[in-house]
Amino acid sequence: MTAKNHVVTTITVVLIPIIFNPSMLSYLSVDNFALILSGVIFGSLLPDIDEPNSYIGRKVAFFSEIANSSVGHRTITHNLFVWILFGLYGYYFLNYFIIGMSIGAMLHILEDSATNSGVKWALKPLYTGFAILPKRFRFNTNGKFENYVYTPIITVIVVGEIALLLMDLFGFVDVSLRS
């Protein structure tokens with residue numbers, strides 16, 4: 001999956017619980033919400049740091065080359081257990097950026113598992129060959145399906161979510177599941 005689709009898909013998924021329960025935001029200050037959201041965006045790109053041709057890999061080329069030559073792509077940086085540990089660390093020390101980063105990275109891994117390449121290390125050492133879709137429904141990274149079907153659909157969804165949140169914020173509609 002391309003960087004732009006990782007970011008947009010991750011934001012789309014993160015906004016789902018907020019859409020149905022906007023009062024969740026009342027527990028966070030604007031600063032802490034911004035830290036979580038920026039962590040989510042950064043985390044949605046971070047697992048690809050081991051790929052020199054990725055968006056983030058090009059930003060830190062020296063580190064990316066070393067990581068790729070020593071461990072390869074979609075290995076340790078695409079292991080859910082690594083990011084669960086980061087999330088627990090962030091939760092324990094109440095670091096909202098690290099919590100968001102771990103959520104973004106875990107969603108990145110799930111998104112990559114929908115591609116034809118899959119993510120063999122996602123649940124290693126317990127299980128190898130993790131995929132969330134049957135082989136016939138997976139797609140190629142930067143392929144026609146991703147660019148001409150997936151990207152427009154996910155973009156419309158995230159714009160709709162943001163519009164619903166803004167309408168709820170300004171009192172035009174109540175999107176929560178309150179009874």
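No experiment lies behind these values; they were computed from the predicted model shown.
Side-chain contact check for Ser23 and Asn21: at least one donor-acceptor pair (N or O, by modelled atom type) lies under 3.5 Å.
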For this session: Apply side-chain contact (heavy atoms from CB on, under 4.5 Å) to the pair Thr9 and Leu107, showing each step before the final yes or no.
Result: CA-CA 8 Å; Thr9 303; Leu107 288 170; over 6 Å; no

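At least one side-chain heavy atom of Trp83 sits under 4.5 Å from a side-chain heavy atom of Leu46. Counting only heavy atoms from C-beta outward, the side chains of Arg58 and Pro52 never approach each other to under 4.5 Å. Phe33 places a side-chain heavy atom less than 4.5 Å from the side chain of Leu25. With a 4.5 Å cut-off on side-chain heavy atoms, Leu88 and Tyr92 do not count as touching. The shortest distance between side-chain heavy atoms of Met101 and Val40 does not fall below 4.5 Å. Side-chain contact between Phe172 and Leu164 is absent, with no heavy atoms from C-beta onward closer than 4.5 Å.
The line from CG of Asn116 to OG1 of Thr141 is 8.0 Å long, rounded to the nearest 0.5 Å. The distance from atom CD1 of Ile36 to atom CD1 of Ile103, rounded to the nearest 0.5 Å, is 7.0 Å. Note: Leu169 CG to Leu165 CG = 8.5 Å, rounded to the nearest 0.5 Å. Taking CH2 of Trp121 as the start and CD1 of Ile109 as the end, the distance is 12.0 Å to the nearest 0.5 Å. Within the model, atoms OH of Tyr150 and CZ of Phe139 stand 6.0 Å from one another, a figure rounded to the nearest 0.5 Å. The CD1 atom of Ile99 sits 8.0 Å away from atom OH of Tyr91, with the distance rounded to the nearest 0.5 Å.
Taking every heavy atom of both residues into account, Leu28 and Asn32 meet most closely at CD2-CB, 4.1 Å. Between Gly57 and Ser54, the closest heavy-atom pair is N-OG, 2.9 Å. The minimum heavy-atom distance linking Leu123 with Phe81 is given by the pair O-CE1, 3.3 Å. Minimum heavy-atom separation, Thr77 to Ile49: CG2-CG2, 4.2 Å. A pairwise comparison of heavy atoms in Ile19 and Glu161 identifies CD1-O, 3.1 Å as the closest pair. Scanning all heavy atoms of the two residues, the minimum distance from Leu45 to Ala3 falls at CD2-CB, 3.6 Å.
Relative to the six-membered ring of Tyr55, Lys59 meets both conditions, a distance below 6.0 Å and an angle of at most 45° to the axis.
Sorted by first and then second residue, the side-chain hydrogen bond (donor to acceptor under 3.5 Å, both in side chains) pairs with a member in residues 101-114 read His6-His108, His6-Glu111, His6-Asp112, Thr10-Glu111, Asp48-His108, Arg74-Asp112, His78-His108, His78-Asp112, His108-Asp112; sequence neighbours excluded.
Using a distance-only test at 3.5 Å, with no hydrogens or angles considered, a donor-acceptor pair links the side chain of Arg138 to the main chain of Leu133. At least one donor-acceptor pair under 3.5 Å links the side chain of Ser69 to the backbone N or O of Glu65. Not a single donor-acceptor pair under 3.5 Å links the side chain of Lys120 to the backbone N or O of Thr75. Judged by distance alone, with hydrogens and angles left aside, the side-chain atoms of Asn5 form no donor-acceptor pair with the main-chain N or O of Met1 at under 3.5 Å. Side-chain atoms of Glu146 never come within 3.5 Å of backbone atoms of Thr151 as a donor-acceptor pair (strictly under, hydrogens ignored). Asp50 contributes no side-chain N or O that, together with a main-chain N or O of Asn68, makes up a donor-acceptor pair within less than 3.5 Å.
Met106 and Tyr127 end up in the same hydrophobic cluster when Ile, Leu, Val, Met, Phe, Trp and Tyr side chains are linked at under 4.5 Å. When hydrophobic clusters are built by joining Ile, Leu, Val, Met, Phe, Trp and Tyr residues whose side-chain heavy atoms come closer than 4.5 Å, directly or via intermediates, Val82 is not grouped with Ile66. If you chain together hydrophobic residues whose side chains sit under 4.5 Å apart, Val119 and Leu126 fall into the same group.
A 6.0 Å sphere centred on CZ of Phe86 holds no more than 12 heavy atoms belonging to other residues, nucleotides or ligands. Counting non-hydrogen atoms of neighbouring residues, nucleotides and ligands closer than 6.0 angstrom, the OH atom of Tyr148 reaches no more than 12 such neighbours. No more than 12 heavy atoms of other residues, nucleotides or ligands sit less than 6.0 Å from atom NZ of Lys144.
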